[in-house]
There are 2 protein chains.
Amino acid sequence: MTIKETPRRFAKDAPIYFAGDAAGRLLKVACGAVMIFHIYDDGRRQIVDIVTEGELVHFQFDGELDHYAEALTQTTLIEASADAALSDQAWAEFIFAQMRGRLQRERRHIAMLGQKSAAERLAEFLILVSERLSTPLGDIELPMTRQQIADYTGLTIETVSRLFSRWTRERRLVVTGKRTYRIEGELAA
Amino acid sequence: MTIKETPRRFAKDAPIYFAGDAAGRLLKVACGAVMIFHIYDDGRRQIVDIVTEGELVHFQFDGELDHYAEALTQTTLIEASADAALSDQAWAEFIFAQMRGRLQRERRHIAMLGQKSAAERLAEFLILVSERLSTPLGDIELPMTRQQIADYTGLTIETVSRLFSRWTRERRLVVTGKRTYRIEGELAA
DNA sequence: CGTTTCCTTGATGAATATCAATAGTGGTGG
DNA sequence: CCACCACTATTGATATTCATCAAGGAAACG
């Protein structure tokens with residue numbers, strides 16, 4: 001018995017769910033990319049993770065969701081019943097593997113935010129994105145605004161902008177398109 | 001058929017495993033507390049999570065571990081075969097619930113490190129510890145050095161020490177024992 | 001006790017946030 | 001196609017927070 005999967009499409013920047021929404025459905029990214037984030041009362045926002053093709057968006061299958069999700073690009077999600085998936089052997093293994101990957105990324109993110117300088121954080125972010133969102137050419141596809149990058153790295157848009165400018169000036173980073181870059185040398189320094 | 005569980009004891013500050021160690025065994029805290037951390041080449045350390053009674057220490061059941069674990073207090077762990085546990089219904093559900101809890105905490109930790117000031121971070125840390133390591137009396141049991149607190153909050157020991165001093169001076173925090181505190185007012189401010 | 005480790009406190013400096021102004025970019029309708 | 005508008009990014013000047021450096025004191029341990 002296969003599990004019923006319903007596709008849902010989201011425009012760029014469209015909200016996917018809010019904190020407080022009921023969980024219960026399992027969401028898998030078919031194409032596009034999703035950002036997961038927290039918001040504080042005063043408007044501060046922290047992007048916690050970026051979810052890409054083939055990955056699950058969250059693992060909260062009952063109760064309420066405690067974070068937000070938004071489409072970073074035009075995105076198609078596959079929706080399925082969480083209960084059904086959990087009792088299916090193959091799905092359960094997939095879910096487990098996904099959770100493990102997510103835990104690993106989040107651990108790295110914690111270490112980055114806790115210990116690294118602005119330049120180190122941005123460099124690590126770019127490398128992460130190049131591994132997860134890249135075109136096959138090796139160029140970094142960066143479908144994020146400065147504000148989003150700042151909210152992922154825990155910096156301000158000005159600091160992010162200054163680092164981009166400096167690296168570009170120093171030819172460590174080359175702008176190869178409207179929203180694509182290529183890393184030429186060692187960043188971080 | 002029940003799964004074989006072997007207890008193992010660790011002294012305070014004893015290492016439990018290192019990054020690079022083979023995974024494969026499942027570890028559950030029977031009593032005590034364990035800290036999970038990352039280390040960089042230059043010695044910087046980030047404590048990623050604190051694992052307490054009844055919780056699983058990690059979820060890497062094959063390949064290599066990519067982080068370190070150390071006993072925060074005298075600790076007893078239960079060791080079991082990961083394979084056996086994963087194919088047991090009740091265990092699988094427990095593992096899933098544990099992973100979800102861990103993901104939730106790590107998300108919060110990311111948001112804290114990315115967006116909050118030193119005072120806010122330390123306040124949040126104390127509240128977290130009071131929820132997770134507290135005595136039934138409401139006092140905060142703090143079996144951690146200033147360095148460990150700093151490595152959890154991404155601050156320096158001096159900053160941590162100054163905040164403790166200030167809050168104690170302002171009677172927001174009361175020292176009720178050698179390593180126990182009580183929160184009296186609003187911290188963070 | 002002496003020794004080591006941990007903690008506190010002060011003085012200073014560096015990294016990064018904040019504030020402010022300008023420039024660029026994309027989108028829309030005339 | 002152009003002109004306008006709103007949004008995003010850049011850049012500079014300044015302020016703030018927190019780290020670093022340095023020294024002394026307290027607690028823990030043999």
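Residue numbers start from 1 in every chain, and the chains themselves are labelled A, B, ... in the order their sequence lines are given, proteins ahead of strands. Since the model is a prediction, treat every value here as computed from it, not as a measurement.
Checking the phosphate oxygens (OP1, OP2) of D:dA9, a side-chain nitrogen or oxygen of A:Arg179 falls inside 4.0 Å. Phosphate proximity of D:dT11 to A:Arg162: absent, as no side-chain N or O sits under 4.0 Å from OP1 or OP2. For the OP1/OP2 pair of C:dT25 and a distance below 4.0 Å, the side-chain nitrogens and oxygens of A:Lys178 include no atom meeting the criterion. Close to D:dT11, at under 4.0 Å from its OP1 or OP2, lies a side-chain N or O of A:Ser165. Look at B:Thr156 and you won't find any side-chain N or O under 4.0 angstrom from OP1 or OP2 of D:dC18.
Atoms CZ and CG, on A:Arg146 and A:Leu163 in that order, are 10.0 Å from each other to the nearest 0.5 Å. One finds the CG atom of B:Leu113 at 5.5 Å from the CD atom of B:Gln46 (value rounded to the nearest 0.5 Å).
B:Phe164 places its CZ atom 16 Å from the C1' atom of C:dT9, with the value rounded to the nearest Å. Rounding to whole angstrom units, CD1 of residue A:Ile157 and P of C:dT16 are separated by 17 Å. C:dA15 atom P lies 18 Å from atom CD of A:Glu158, rounded to whole Å. What separates CG of A:Leu155 from C1' of C:dA15 is a distance of 11 Å, to the nearest Å. When the P atom of C:dT16 is taken as reference, atom CD of A:Gln115 falls 13 Å away, rounded to whole Å. Distance A:Asp151 CG to D:dA9 C1': 15 Å, rounded to the nearest Å. Taking atom NZ of A:Lys12 as the reference point, atom C1' of C:dG26 lies 12 Å away to the nearest angstrom. Between A:Leu142 atom CG and D:dA9 atom P there is a gap of 10 Å when expressed in whole angstrom units.
In terms of polar N and O atoms assigned as donor or acceptor, the side chain of B:Gln148 never comes within less than 3.5 Å of the base of C:dC6 in a complementary pairing. Between the base of D:dT10 and the side chain of A:Arg169 there is no donor-acceptor pair shorter than 3.5 Å. For B:Gln147 and C:dC6, a side-chain-to-base donor-acceptor distance below 3.5 Å is absent, hydrogens and geometry of angles not being considered.
Ion pair B:Arg105/B:Glu131 not flagged as a salt bridge, since none of the NZ, NE, NH1 or NH2 atoms sits closer than 4.0 Å to an Asp/Glu carboxylate oxygen. The existence of a salt bridge linking B:Arg25 and B:Glu79 is confirmed by a sub-4.0 Å separation between a basic side-chain nitrogen and an acidic carboxylate oxygen.
Closest approach to the A:Ser161 side chain among D:dT10, D:dT8, D:dA28 is made by D:dT10 (side chain taken as heavy atoms from C-beta onward). Nearest to the side chain of B:Arg146, among D:dA9, C:dC7, D:dA19, sits C:dC7. Among the nucleotides D:dT20, D:dC18, C:dT16, the one closest to any side-chain atom of B:Ser117 is D:dC18.
Judged by the 6.0 Å distance and 45° axis criteria, A:Arg45 is not positioned over the aromatic ring of A:Tyr68.
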